[in-house]
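Working notes, structure below.
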Protein chains: 2
Amino acid sequence: MTLVLTLQPDDPTPPYEQLRRQLADLITAGLLGPGDRLPPLRQLAGDLGVAVGTVARAYRELEQEGLLTSRRGGGTRVAAGGQVPAGGRRQLLGGMAAEFVARARSLGFTDEEIIVALGRQLPLS
Amino acid sequence: MTLVLTLQPDDPTPPYEQLRRQLADLITAGLLGPGDRLPPLRQLAGDLGVAVGTVARAYRELEQEGLLTSRRGGGTRVAAGGQVPAGGRRQLLGGMAAEFVARARSLGFTDEEIIVALGRQLPLS
DNA sequence: ATCCTTGTGTCAACCATTAGACACAAACTA
DNA sequence: TAGTTTGTGTCTAATGGTTGACACAAGGAT
């Protein structure tokens, strides 16, 4: 599996932001490790059907966050450690779980309902 | 609890879309039932700190989806049944759960990791 | 009937995002 | 070294969202 990056044209969220989030998650989750190379701007832009500047912006913002490092001619790679020290992986999943549960509860679902729904997706022992 | 509608200014997602999603979820979840009245355009716009047209767009799109009905002078209310027939509530939660699990898996998390993370948020048995 | 409330429509202006093209600099490659 | 790759920067044009203001129409309240 090389890379799964997609854009949803019907989503009003700006493409550069959709891309930024996906890459940030992939890096934080560890699916993309330090030193791993990302697709060149023009290639990814062509694949996704967007302008070069759009991909460049996603890369640039991630670089400012310390997740990526870019060099002319050298391409763009995942930054060495630093920003994603340790437990970043666990924290990411924990945040996702907390967000999901909080949203469900705020919509009036009971814990039991939530557990039942989850039981349809994974083996809750 | 009257209504909890918030906007995140730092989120590039357009405000009208943030609002639209929150209202759609509240209605589908049944927290807002048929006939329930929504805040007047000007009041909600004032509370959220956005222009009237922004709230109007969210209301308009939800009306086109059949979730709301608006009448001049009469306000905007949740549409009577129709679009949210039955099981809409269960389907909403099911979709949320499926989405969460799929996203976690695509980030390389194992089912066991996911279950552990969820266990910190709710009483899994 | 009169007044208030509320949704609807229009308008001009501003800002953000994107597209598409081009040039340039630095790193890699043969 | 020479040529290619790749990120960076600039520019124009187009699109879309937001603001703020205003007017208007229709339902509700007194």
Side-chain angles (χ1 to χ4, degrees), chain A residues 2-3 5-23 27 32 35-80, chain B residues 2-3 5-24 27 32 34-80:
Chain A
T2 52
L3 255 192
L5 296 172
T6 56
L7 293 181
Q8 298 176 342
D10 52 312
D11 190 338
T13 305
Y16 82 88
E17 175 67 11
Q18 294 187 40
L19 194 53
R20 203 207 100 259
R21 290 178 184 171
Q22 290 179 52
L23 289 172
I27 295 170
L32 285 177
D36 283 358
R37 183 167 182 187
L38 274 64
L41 289 179
R42 294 166 179 79
Q43 176 185 324
L44 184 52
D47 290 350
L48 296 178
V50 296
V52 176
T54 303
V55 178
R57 173 160 184 182
Y59 280 9
R60 190 201 328 143
E61 298 207 355
L62 289 167
E63 189 175 12
Q64 290 173 346
E65 298 176 27
L67 294 179
L68 296 180
T69 59
S70 296
R71 287 182 311 175
R72 290 188 239 203
T76 301
R77 297 174 181 273
V78 177
Chain B
T2 51
L3 254 192
L5 296 172
T6 57
L7 292 181
Q8 298 176 342
D10 52 313
D11 190 339
T13 305
Y16 84 87
E17 175 67 10
Q18 293 187 40
L19 194 52
R20 204 207 100 258
R21 290 177 183 171
Q22 290 179 52
L23 289 172
I27 295 170
L32 285 177
D36 282 358
R37 183 168 182 187
L38 274 64
L41 289 179
R42 294 165 178 81
Q43 176 186 324
L44 184 52
D47 290 350
L48 294 179
V50 296
V52 176
T54 303
V55 179
R57 173 159 184 183
Y59 280 8
R60 190 200 329 143
E61 298 207 354
L62 288 167
E63 189 176 12
Q64 290 173 346
E65 298 177 26
L67 293 179
L68 296 180
T69 59
S70 297
R71 286 181 311 174
R72 292 188 241 206
T76 301
R77 297 173 180 274
V78 177

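What you see is a predicted model; the values in this text were computed from it and never measured. The figures here come from the full heavy-atom set of this structure, side chains too, leaving out hydrogens, waters and symmetry mates. Residue numbers start from 1 in every chain, and the chains themselves are labelled A, B, ... in the order their sequence lines are given, proteins ahead of strands.
- Using a 4.0 Å heavy-atom distance criterion, A:R77 is classed as making no nucleic acid contact.
- For B:T76, a side-chain nitrogen or oxygen approaches OP1 or OP2 of C:dG7 to under 4.0 Å.
- Between the CD atom of B:Q64 and the C1' atom of C:dG7 there is a distance of 14 Å, given to the nearest Å.
- Using a 4.5 Å heavy-atom cutoff, the side chains of A:L3 and A:P39 are in contact.
- Of the side-chain N and O atoms in B:R57, one or more sit less than 4.0 angstrom from OP1 or OP2 of D:dG17.
- At the heavy-atom level, A:E63 lies under 4.0 Å from the strands shown only through sugar-phosphate atoms.
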Let's go through A:T54 and A:R57 carefully: what are the C-alpha distance in whole Å and the side-chain angles of both, what is the deciding distance for side chain to side chain contact (heavy atoms under 4.5 Å, CB included) to 0.1 Å, and is it a yes or a no? CA-CA 5 Å; A:T54 303; A:R57 173 160 184 182; 6.0 Å; no

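- Near-neighbour residues of DNA chain D inside residues 13-22 of chain B, defined by a heavy atom below 4.0 Å, number-ordered: B:P14, B:P15, B:Y16.
- For the pair B:L44 and B:L19, the minimum side-chain heavy-atom distance is below 4.5 Å.
- As rounded to whole Å, 16 Å separates atom C1' of D:dT6 from atom CZ of A:R60.
- A:S70 has no side-chain polar atom (N or O) that falls below the 4.0 Å cut-off from OP1 or OP2 of D:dT6.
- Contact check on A:E17 versus A:R20 returns a salt bridge, with a Lys/Arg side-chain nitrogen under 4.0 Å from an Asp/Glu carboxylate oxygen.
- Taking only side-chain atoms of B:R72, from C-beta outward, the nucleotide of D:dA25, D:dT8, C:dA19 with the closest atom is D:dA25.
- Nearest-nucleotide positions on DNA chain D for A:P40 and B:G53 put A:P40 closer to the 5' end.
- At the phosphate of D:dG28, OP1 or OP2 sits under 4.0 Å from a side-chain N or O atom of B:R71.
- The side chain of A:T54 places an N or O atom within less than 4.0 Å of a non-bridging phosphate oxygen (OP1 or OP2) of C:dA19.
- Looking at heavy-atom distances under 4.0 Å, B:R42 makes contact with a base.
- Rounding to the nearest 0.5 Å gives a distance of 7.0 Å between CG of A:L23 and CG of A:L68.
- Between B:L41 atom CG and C:dT8 atom C1' the separation is 9 Å, expressed in whole Å.
- Atom CG of A:L7 and atom P of C:dT17 are 15 Å apart (whole Å).
- Across the interface with DNA chain C, nearest-nucleotide mapping of A:G74 and B:Q43 shows B:Q43 to be the residue nearer the 5′ end.
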